[in-house]
Amino acid sequence: MNLNQFYNEVSRKADTKGTSITVAETKRVLSEMFLLLAKMDAADATSILAKGLASAKKKGK
């Protein structure tokens with residue numbers, strides 16, 4: 001999976017009947033997330049990613 005495919009998959013999962021989120025909006029938000037992570041030192045960025053993955057695992061998605 002490349003980055004564009006990742007963005008598209010996230011957009012498909014986020015765009016539900018209760019929300020209307022376009023692929024462009026999803027890409028913009030994820031791009032900003034990656035920009036913030038890139039500004040962090042590696043330990044902090046890794047910690048944030050690990051916490052996000054742990055949270056996702058609890059949700060079972």
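Residues S11 and I21 approach most closely at OG-O, 3.9 Å, considering heavy atoms. Shown here for D44 and D41, the closest heavy-atom pair between the two residues is N-OD1, 2.9 Å. When all heavy atoms of Y7 and K27 are compared, the pair lying nearest together is CD1-CG, 3.3 Å. Closest approach of E25 and T22 over heavy atoms only: OE1-N, 2.8 Å.
Taking the side-chain contact (heavy atoms from CB on, under 4.5 Å) definition, one finds that R12 meets it with N8, E9, sequence neighbours left out. When the side-chain contact (heavy atoms from CB on, under 4.5 Å) test is applied to T46, no partner is found at least two apart in sequence or on another chain. In terms of the side-chain contact (heavy atoms from CB on, under 4.5 Å) criterion, residue partners of A45 (sequence neighbours excluded) are, by chain and number, L37, M40.
Under the 4.5 Å side-chain heavy-atom criterion for grouping Ile, Leu, Val, Met, Phe, Trp and Tyr, L3 is connected to L49 within one hydrophobic cluster. L36 and F6 are not part of a single hydrophobic cluster, where members link through side-chain heavy atoms under 4.5 Å apart.
Looking only at distances, no side-chain donor or acceptor of E32 sits under 3.5 Å from a matching main-chain atom of V29. The backbone N or O of A14 lies less than 3.5 Å from a partner atom in the side chain of T19, making a donor-acceptor pair.
With a 6.0 Å radius and a threshold of 12 heavy atoms from other residues, nucleotides or ligands, F34 has its CZ atom above the threshold.
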